[in-house]
Amino acid sequence: MVTNKFDYIRAESVDDAITLMVKHGMDAKLLAGGHSLIPAMKLRLNAPGILIDIRKIQELRYIKKDGNKLVIGAGATHHDVATSELAHQTYSMLPEAADLIGDQQVRNMGTIGGSLAHADPAADWPGVMIAAGASVHLKGPDGERSVPAEDFFTGFYMTDLQENELLTAISIPLPPEGTRSSYQKFMQPASRFAIVGAAAAVTVKGGKIERVKVGINGLADAAFAAGNIEKALVGKEPTEANIDAAVESTGADAMVMADHFASEEYRLHLAKVYAKRALMAATQ
Amino acid sequence: MTNYIGKAVKRVEDKRFLTGKGRYTDDIVLPGMLYAYIVRSPYAHAKINNIDTSRAENMDGVVKIYTGKDIAESGINGIPTGWQVNFKNGDTMKEPPHPLLVADKARYMGDGVAVVIAESREEARDAADEIDIDWEELPAVANAKKATEDGAPLVHDEAPNNKCFDWELGNPKEEVDKAMKQAHHITTLEFTNQRVIPNAMETRAAIGQYEEATGKYTLYTTSQNPHLTRLLLCAFVLGIPEHRVRVVAPDVGGGFGSKIFHYAEEALMIWCSERLKRPVKWTSDRSEAFMTDAHGRDHISKAEMGFDKEGNVLALRVKTHANLGAYLSTFAPCVPTWLHGTLLQGLYVTPKINVDVTGVFTNTVMVDAYRGAGRPEATYLLERLMDTAALEMDMDPAELRLKNFIPPFDGVEQPGYQTQVALQYDSGNYHAVLKRALEMVGYEKFRKEQAQARKEGKLLGIGFSTYIEACGIAPSAVVGALGARAGLYEVGQVRVQPTGKVSVFTGAHSHGQGHETTFAQVVADRLGIPLDDVEIIHGDSDSVAFGMGTYGSRSLAVGGSAIVKSLDKIIEKGAKIAAHKLEAAEEDLEFAEGKWTVKGTDKSIAFGDVALTAYVPHDYPEGVEPGMDFSSFYDPANFTYPYGAHVAIVEVDKDTGYTKLKRFIAVDDVGNVINPMIVDGQIHGGLAQGIGQALFEGAMYDEDAQLINGSYMDYTMPRADDLPSFEIDRTVTPCPHNPLGVKGAGEAGCIGSTPAVVNAVMDALRPFGIKKDLEMPLTPERVWRHMQG
Amino acid sequence: MPTKITMTVNGQSVTKDVDARTLLVHFLRDNLQLTGTHVGCDTSNCGACTILVDGHAVKSCTMLAVQADGSEVTTIEGLSQNGEMHPLQEGFREEHGLQCGFCTPGMIMAAVDLLDRNPDPSEQEIREGLEGNFCRCTGYHNIVRSIQYAAKKINEPKKAVAS
């Protein structure tokens with residue numbers, strides 16, 4: 001229950017945070033909601049020498065419409081997203097997923113940017129962001145860039161974030177008319193992280209699926225887009241039979257994880273069940 | 001109003017808890033207090049070649065570091081066990097030493113190796129990281145059955161095959177074997193009643209305080225029985241003078257058995273404080289609690305039940321390997337034997353029973369009493385057998401039970417029921433609880449719904465469980481004969497103050513049970529005074545004469561009865577004083593509504609006036625001592641035997657194996673009820689823990705005996721949305737042998753509920769054919785695999 | 001290196017020097033003697049340490065005291081107003097929503113946030129709203145009733161005005 005010693009600095013702005021990161025190098029870690037970092041520090045699994053607190057940077061905490069995009073500041077809490085009418089109008093899976101993260105106390109503190117940067121394979125946001133076709137905005141000493149969510153998660157707690165870069169926002173293109181979405185999660189009963197989570201965004205036009213994106217988290221070491229499902233469904237009618245056939249390919253190429261809550265075989269089975277549930281909820 | 005018994009009086013203790021003014025051990029800060037951090041073995045079994053504390057000793061704030069070597073050199077004893085169960089051949093139980101800190105080798109992951117004492121919690125923690133230990137890892141064993149096999153790693157050299165004892169009870173084995181041969185049908189189950197971790201929400205803590213000037217020792221600790229802890233601490237571990245030792249168990253945040261035992265940390269804090277002449281506090285982290293609080297259950301059993309053609313039970317044969325962990329905790333040998341084997345009669349007339357138990361050491365944390373302690377294991381075994389047998393013989397599970405129940409008896413007009421396994425049940429109408437439960441469920445209607453649901457591909461299931469438990473432990477002579485090393489009476493002192501206010505001192509301890517209310521109800525009711533005039537004092541060995549504490553649902557049956565004995569003495573003495581004041585004969589007086597009245601007149605004297613007279617005895621009966629203060633020891637004539645019937649209804653998700661508990665019905669008979677609100681609360685909590693074992697909870701050890709789910713991230717505790725609202729009711733069959741007629745309610749919910757849930761899931765899975773190998777907890781994957789065949 | 005922090009705790013402004021690593025729960029318990037906030041775990045699951053920071057329920061074991069600099073903090077000790085129990089405190093007493101009392105302060109503070117977001121929750125919403133808090137004593141049955149009691153009590157005057 002006692003962390004190692006560290007120094008604490010509160011960053012006043014994004015640029016200030018980046019300057020501090022550059023100054024302190026590898027010894028420093030960013031502190032946003034702290035709900036992944038502080039528990040790890042208390043168990044002494046992580047011991048940064050310096051914490052740069054970015055939680056109170058107001059320019060990071062917003063949810064707004066910007067042209068044809070919904071933009072969520074990295075500092076928005078899960079609770080902010082769960083209660084955002086804008087987010088709900090864009091994709092109902094956004095507040096749906098937000099509401100399934102941790103518990104209310106965690107949602108009040110934990111931030112969307114922190115969760116994405118931490119890239120826990122069992123976290124909920126990565127799958128949702130992939131299904132939403134989101135881009136992750138990063139800012140570093142050399143300027144800004146954005147990365148499609150699909151490419152951002154590179155492995156077990158690994159992302160495309162480079163040294164001294166800060167995740168500033170997530171932008172989500174507004175979906176075409178006729179799009180519905182859903183996030184379905186099978187919880188690890190103790191931690192309530194996802195054993196498997198499936199996010200689906202489906203656009204149906206004239207009775208046929210015009211566009212579909214499915215993001216899966218929990219199954220493999222990083223969240224991924226279920227391309228096979230997408231291929232199998234585009235142009236088809238959104239029937240249960242078609243969905244059943246399509247989800248059979250879920251995780252076919254994935255390195256499926258196993259732990260004492262779910263073996264590889266069971267986890268893969270669950271991924272199919274939950275991909276189906278998400279697709280059904282988004283179409284029926 | 002002075003009529004309190006049977007009323008849902010709101011709890012008097014609530015205000016302090018609701019306003020943040022409870023006072024738990026970790027809330028206590030003493031002047032000059034130091035903080036301890038205990039360095040523990042990361043291995044389940046490992047030799048300590050060397051410990052280097054030099055770097056740590058020079059860290060900021062570090063006052064002292066002690067290792068197992070220091071403990072050994074000080075010549076003190078280890079932690080004792082309070083119960084002796086010998087081998088069948090008469091050999092003495094193996095009782096290896098359990099030092100406060102180990103010097104030679106660690107025998108479970110979490111075994112204490114060194115203690116760092118520093119000026120602050122943080123400094124103690126930081127220094128602990130700088131202690132270098134040269135470990136030599138040894139092979140380890142966590143499974144009790146495997147531990148008895150030849151060639152298994154030895155936890156203690158003095159216990160061959162890791163056997164602590166073996167034990168047998170009931171009818172001779174040959175008789176049972178013979179009855180089995182005559183059976184028309186035998187149902188056999190082989191299963192593990194898995195290890196669960198108690199998880200009281202307050203972790204353990206202890207503060208040792210030695211005052212050199214007075215030679216007085218004080219221990220503040222999270223204990224269910226401060227006096228017992230003091231006795232063990234003084235007489236067995238440290239050899240310090242009991243009359244100079246005060247043990248205080250202030251507000252305690254739940255126990256469920258895990259805080260009965262005298263733990264090494266308690267003695268260690270006193271030992272450290274005596275050396276450093278300053279108070280020393282240790283507070284367990286939750287991670288530490290997972291690997292050092294005594295766990296519960298962990299039986300591996302084979303159980304066979306024989307039936308005749310009509311479904312009458314003929315015989316029961318049980319073989320159990322009980323995991324005791326690495327050392328013997330306070331009640332460890334008693335739990336799988338006298339609290340388990342003796343309950344295998346259940347509610348049934350089974351004519352022949354034989355139970356054989358081997359107690360086994362393993363490289364795991366100690367196993368001891370956890371809510372129910374032995375009785376849930378017995379109930380699980382019987383009730384899984386019953387439901388499985390019903391399925392195999394194609395009989396209705398409720399009918400099969402009703403057919404085999406012991407006929408009703410009240411223990412007054414009809415004698416108690418003598419079982420095949422050493423107990424005499426006090427009173428019961430077992431048919432009544434099950435019939436009431438069936439009525440509440442709407443059994444016939446449910447079976448129709450279930451049939452319809454099955455047609456629609458839904459997996460609905462119903463499961464039954466009926467149970468009996470032996471509570472109110474109990475007659476000292478009996479438990480002594482069974483191996484207890486202490487008496488199990490209780491102490492109740494009633495001190496009437498001169499103004500008629502009443503202070504009651506009880507050796508029972510409340511850590512959620514609401515004694516401050518229930519006991520006060522008994523006292524106010526009997527004396528006919530307002531509840532507010534009564535104060536219940538417990539948990540401090542300097543205030544309370546003696547006590548054996550709270551466990552085994554004994555507080556009211558034994559502790560309450562001790563108070564009643566003292567109340568009787570108060571009333572008897574009061575009558576003498578009243579008779580004198582009223583100038584009447586004692587036998588012409590009646591005591592009611594808080595006053596003595598001369599029968600048939602309006603001449604009376606109030607309780608308060610009598611009290612005042614007792615303390616200002618100017619006009620006083622001859623030969624009567626002044627004052628009104630009586631202490632009583634109550635040693636019950638028998639255990640008490642609460643019983644009940646529980647029914648669970650579940651729905652299993654065919655796609656995932658996830659079990660949703662939809663309804664839970666419990667009908668319990670706990671004898672007379674003093675406060676129905678508190679009794680209901682006890683039942684609710686017990687149900688949640690029993691359901692937790694069925695569906696969610698279970699310690700997991702890997703091949704190296706490492707506890708792999710030692711945190712709330714991995715050990716599933718039931719949350720609010722995992723449970724339904726409970727549907728509960730009661731029947732009332734008073735206990736014939738204690739003055740309150742109460743039987744005990746603390747463990748009932750936890751004992752009956754577990755098999756009901758498992759039976760319900762098995763019933764839901766019936767379309768997949770009869771299978772018996774579904775192990776608790778019924779995790780979604782296990783259930784899903786069961787469906788895959 | 002100690003840092004000076006200032007916050008309002010139960011309506012009172014406090015300024016103290018703390019180490020960066022001091023958890024908010026330890027700050028409350030050790031520095032302000034507000035021991036009503038409890039520590040029940042070390043993995044942010046049990047909720048015993050729940051308090052309100054700027055009106056929202058948070059787990060004070062997962063927040064550094066320095067992070068709360070400038071914030072408004074309410075603990076169980078600050079819930080009663082003018083000696084009157086908060087409806088939730090009253091509800092827990094009336095409906096026997098507590099036994100050992102250890103989880104109770106955190107449970108109540110989480111319920112304050114719950115009723116703030118959803119003044120008239122269904123049983124299911126209450127149960128889901130308590131997913132961040134463990135109770136080992138009550139089986140949650142009476143905790144649900146306690147929160148229902150408080151919701152009714154809080155809503156009654158509003159309903160009376162509305163009608």
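Because the structure is a prediction, the values reported are computed rather than measured. Residue numbering restarts at 1 for every chain, and letters A, B, ... go by the order of the sequence lines.
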Heavy-atom donor-acceptor pair, [X] side chain to [Y] backbone, under 3.5 Å:
{"X": "Arg719(B)", "Y": "Asn133(C)", "result": "no"}
{"X": "Lys10(B)", "Y": "Glu94(C)", "result": "yes"}
{"X": "Asp42(C)", "Y": "Ser287(B)", "result": "yes"}
{"X": "Tyr140(C)", "Y": "Pro718(B)", "result": "yes"}
{"X": "Arg286(B)", "Y": "Gly40(C)", "result": "yes"}

Revision key, fill the gap. Among residues 50-84 of chain C, those lying within the under-4.5 Å heavy-atom range of chain B are Ile76(C), Glu77(C), Ser80(C)
**Study point:** Members of residues 18-29 of chain C whose heavy atoms come closer than 4.5 Å to chain B
**Key:** Arg21(C), His26(C), Arg29(C)
Point to revise | chain B contact via Thr43(C) - which portion, at a heavy-atom distance below 4.5 Å | key: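 Contact with chain B involves both backbone and side-chain atoms of Thr43(C).
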Review point. Does any heavy atom of chain B fall under 4.5 Å from the side chain of Met107(C), the backbone, both, or neither of them?
Key: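 Contact with chain B is absent: no heavy atom of Met107(C) under 4.5 Å.
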Revision key, fill the gap. From the list Ile678(B), Asp722(B), Ile683(B), the residue making the most non-hydrogen contacts under 4.5 Å with chain C is Ile678(B)
Practice item. Name the member of Pro198(B), Ser510(B), Ala8(B) that forms the most heavy-atom pairs with chain C at distances under 4.5 Å. Key: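 The answer is Pro198(B).
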Flag side-chain contact, heavy atom, 4.5 Å: [X] against [Y]:
{"X": "Glu90(C)", "Y": "Leu18(B)", "result": "no"}
{"X": "Val39(C)", "Y": "Asp26(B)", "result": "no"}
{"X": "Asp721(B)", "Y": "Leu130(C)", "result": "no"}

Point to revise | Residue pair Gln682(B), Gln99(C): steps toward the side chain to side chain contact (heavy atoms under 4.5 Å, CB included) verdict | key: CA-CA 9 Å; Gln682(B) 288 294 309; Gln99(C) 290 181 26; 3.3 Å; yes
Quick one: pull up [atom1] in [X] and [atom2] in [Y] and give me the separation to the nearest 0.5 Å.
{"X": "Thr716(B)", "Y": "Asn45(C)", "atom1": "OG1", "atom2": "CG", "answer": "10.0 Å"}
{"X": "Met713(B)", "Y": "Ser44(C)", "atom1": "CE", "atom2": "OG", "answer": "8.0 Å"}
{"X": "Met201(B)", "Y": "Phe134(C)", "atom1": "CE", "atom2": "CZ", "answer": "6.5 Å"}
{"X": "Cys100(C)", "Y": "Phe17(B)", "atom1": "SG", "atom2": "CZ", "answer": "7.5 Å"}

Point to revise | Lys662(B), NZ atom: more than 12 neighbouring heavy atoms under 6.0 Å | key: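 No, not enclosed.
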**Study point:** Exceeds 12 heavy-atom contacts within 6.0 angstrom, atom CZ of Arg16(B)
**Key:**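 More than 12 heavy atoms, drawn from other residues, nucleotides or ligands, come within 6.0 Å of this atom.
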[X] versus chain C, the contacting section by heavy-atom distance below 4.5 Å:
{"X": "Leu687(B)", "answer": "neither"}
{"X": "Gln513(B)", "answer": "neither"}
{"X": "Glu13(B)", "answer": "neither"}
{"X": "Ile691(B)", "answer": "neither"}
{"X": "Val252(B)", "answer": "backbone"}
{"X": "Phe256(B)", "answer": "side chain"}

Point to revise | Summary of ring pair (Phe, Tyr, Trp, His ring centres under 6.0 Å) pairs that have at least one residue in residues 28-53 of chain C, sequence neighbours excluded | key: Tyr24(B)-His38(C), His38(C)-Phe102(C)
Point to revise | Any donor-acceptor N or O pair under 3.5 Å, side chains Arg145(C), Ser725(B) | key: yes
Practice item. Among Glu131(C), Met85(C), His96(C), single out the residue with the greatest number of heavy-atom pairs under 4.5 Å to chain B. Key: His96(C)
Review point. Hey, which of Glu95(C), Glu128(C), Arg127(C) has the most heavy atom pairs under 4.5 Å with chain B?
Key: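 The candidate making the most pairs under 4.5 Å is Arg127(C).
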Check your understanding: Checking side chain to side chain contact (heavy atoms under 4.5 Å, CB included) for the pair Thr19(B)/Gln89(C): CA distance, chi angles, key distance, verdict?
Key -> CA-CA 8 Å; Thr19(B) 52; Gln89(C) 291 169 312; 4.0 Å; yes
Review point. Salt bridge check: are Arg121(B) and Asp30(C) linked by an N-O gap of less than 4.0 Å?
Key: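 A salt bridge is present here (some side-chain N lies under 4.0 Å from a carboxylate O).
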Review point. Is there a side chain to side chain contact (heavy atoms under 4.5 Å, CB included) between Arg11(B) and Leu98(C) once you walk through the steps?
Key: CA-CA 10 Å; Arg11(B) 295 206 320 173; Leu98(C) 70 154; 3.8 Å; yes
Exercise for review: Output all residues satisfying ring-ring contact (aromatic ring centres under 6.0 Å, His included) with Phe726(B), sequence neighbours left out; order by chain, then residue number.
Suggested key: His684(B), His141(C)
